[in-house]
Amino acid sequence: MAPALFLAAVAAASLAHASPALEPLPRRAPLGVYPAPPPAPVAEKIGAGKGAAITRVLPDANAAALGVKAGDVVLSFNGVPIGGPADLVVGAGKVREGDALSMTVWRDGQTLQLTGRARGMPRESYTGATTAYASVPFQGGRLSEILVLPHGKPNAPVVYYVQGVTCISMEAVGTPLPYGEFVQGMVDRGIGVYRVEKPGMGDSRGGPNCVDIGFQTELAAF
């Protein structure tokens with residue numbers, strides 16, 4: 001759905017938009033790994049305070065495509081040294097679809113260089129519905145928006161779904177999630193659902209981050 005139609009559909013549901021909808025943002029591109037501190041024997045070999053050990057690699061995600069294996073220790077990610085699991089989480093959170101990926105890993109006593117290009121997450125899809133992604137400007141950045149409408153009902157009533165207090169994405173992709181079950185239930189009843197990500201969550205980029213803002217900023221984003 002084009003941004004103009006996206007905005008028109010939301011307006012039809014009597015939702016006030018402070019800014020015009022913009023094109024969808026580049027998709028997040030999760031690595032798909034579970035990082036942990038390196039085991040003591042490995043830490044002795046690579047040096048204390050270095051690396052993030054990979055305990056699990058999810059199939060079909062970016063790390064698996066690069067050739068990362070459980071047991072590897074990531075020493076650097078996109079040229080930035082990794083001092084622990086938190087560093088890898090922060091670095092991976094900045095990756096978007098199409099970005100170049102580079103990882104230096106320690107495996108069985110050898111240092112390997114793994115490279116590739118990031119693949120974005122799939123978008124939401126629902127039975128009997130059309131899902132449209134767009135974005136809206138907010139405090140120097142852009143927030144990702146998602147509008148789901150029942151097929152053949154462009155003027156369907158729309159529920160504005162506001163998420164809870166935690167800093168997580170509103171998307172429901174992959175394993176069954178409450179957000180997705182709610183949306184499908186509404187669509188089955190001929191009702192659309194509109195969501196906007198909190199600053200820094202989902203595909204949103206630039207501007208403030210959810211973990212650093214207060215209530216008034218979060219309210220302004222909604």
Side-chain angles (χ1 to χ4, degrees), residues 1-32 58-62 93 95-97 118-138 141-205 207-211 213 215 217-222:
M1 183 183 294
L5 294 179
F6 183 104
L7 181 58
V10 175
S14 298
L15 298 177
H17 235 306
S19 303
L22 303 176
E23 292 292 338
L25 292 160
R27 294 292 284 157
R28 290 173 292 155
L31 279 182
L58 300 181
D60 301 322
N62 281 296
V95 176
R96 294 293 185 269
E97 61 181 335
R119 299 179 299 184
M121 289 183 63
R123 287 186 166 87
E124 287 186 354
S125 63
Y126 297 93
T127 302
T130 299
T131 304
Y133 283 70
S135 61
V136 62
F138 181 70
R142 289 163 65 184
L143 304 178
S144 181
E145 306 177 289
I146 309 171
L147 175 64
V148 182
L149 288 175
H151 283 158
K153 295 185 177 181
N155 295 318
V158 175
V159 171
Y160 191 137
Y161 192 176
V162 178
Q163 63 267 58
V165 298
T166 55
C167 289
I168 60 174
S169 173
M170 282 289 283
E171 282 197 81
V173 177
T175 57
L177 295 171
Y179 290 145
E181 295 174 0
F182 174 85
V183 174
Q184 186 65 66
M186 291 293 100
V187 167
D188 292 343
R189 291 162 176 80
I191 301 171
V193 180
Y194 171 81
R195 288 158 290 164
V196 60
E197 294 278 15
K198 292 185 180 184
M201 297 294 100
D203 292 338
S204 301
R205 63 193 310 174
N209 193 294
C210 177
V211 298
I213 64 176
F215 174 76
T217 301
E218 185 170 321
L219 182 62
F222 290 136

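Contact detail for Ala118 and Ala29: the closest heavy-atom pair is CB-CB, 3.7 Å. The heavy-atom pair separating Pro157 from Gly190 by the smallest distance is CD-O, 3.9 Å. Annotation for Tyr179 and Ser169: closest pair CE1-O, 3.5 Å, computed over non-hydrogen atoms. The two residues Pro30 and Ala61 make their nearest non-hydrogen contact at O-CB, 4.4 Å. Considering every non-hydrogen atom in both His151 and Ala129, the closest pair reads NE2-O, 2.8 Å. Between Tyr133 and Arg27, the shortest heavy-atom distance links the atoms CE2-NH1, 3.6 Å.
Ring-plane geometry between Phe182 and Tyr161 is classed as tilted, the angle between the planes lying from 30 to 60 degrees on a 0 to 90 degree scale.
Applying the side chain to side chain contact (heavy atoms under 4.5 Å, CB included) test between Arg28 and each of Met201, Glu171, Arg205 identifies Glu171 as the sole match. Here the options are Thr131, Ile191, Thr130, Val159, the test is side chain to side chain contact (heavy atoms under 4.5 Å, CB included), and the partner is Val148; only Thr131 passes.
Pairs engaging residues 120-136 under the salt bridge (Lys or Arg N to Asp or Glu O under 4.0 Å) rule: Glu124-Arg195 [sequence neighbours left out].
Residues forming a side-chain contact (heavy atoms from CB on, under 4.5 Å) with Thr217 (at least two apart in sequence, or on another chain): Phe138, Gln139, Pro208, Ile213. Legend: residues meeting salt bridge (Lys or Arg N to Asp or Glu O under 4.0 Å) with Arg119, ordered by chain and number and at least two apart, are absent.
Summarising the geometry, atom CD belonging to Glu181 is positioned 12.0 Å from atom CE belonging to Met186; distances are rounded to the nearest 0.5 Å. Here the straight-line distance linking atom CG of Asn62 with atom CD of Glu97 works out to 10.5 Å at 0.5 Å rounding. One finds the CG atom of Asn209 at 7.0 Å from the SG atom of Cys167 (value rounded to the nearest 0.5 Å). Atoms CZ and CG, on Arg142 and Asp203 in that order, are 10.5 Å from each other to the nearest 0.5 Å.
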Before you tell me yes or no, could you show the steps for Val196 and Tyr160 under side-chain contact (heavy atoms from CB on, under 4.5 Å), namely the whole-Å CA-CA distance, both residues' side-chain angles and the distance that decides it to 0.1 Å? CA-CA 9 Å; Val196 60; Tyr160 191 137; 3.3 Å; yes
Yes or no on side-chain contact (heavy atoms from CB on, under 4.5 Å) for Gln163 and Ile168, after CA distance, side-chain angles and deciding distance? CA-CA 9 Å; Gln163 63 267 58; Ile168 60 174; 6.0 Å; no
Does the side-chain contact (heavy atoms from CB on, under 4.5 Å) test come out yes or no for Val158 and Leu147, once each step is laid out? CA-CA 9 Å; Val158 175; Leu147 175 64; 4.1 Å; yes
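A donor-acceptor pair is defined here as one N or O able to donate and one able to accept, closer than 3.5 Å; no such pair exists between the side chain of Glu218 and the backbone of Cys210. Lys153 contributes no side-chain N or O that, together with a main-chain N or O of Val187, makes up a donor-acceptor pair within less than 3.5 Å. Judged by distance alone, the side chain of Ser204 and the main-chain N or O of Ser144 form a donor-acceptor pair under 3.5 Å.
Using a 3.5 Å distance cut-off with no hydrogens or angles, the side chains of Glu145 and Tyr194 do pair a donor with an acceptor.
Within the 4.5 Å cutoff, side-chain heavy atoms of Pro137 are placed close to those of Leu22.
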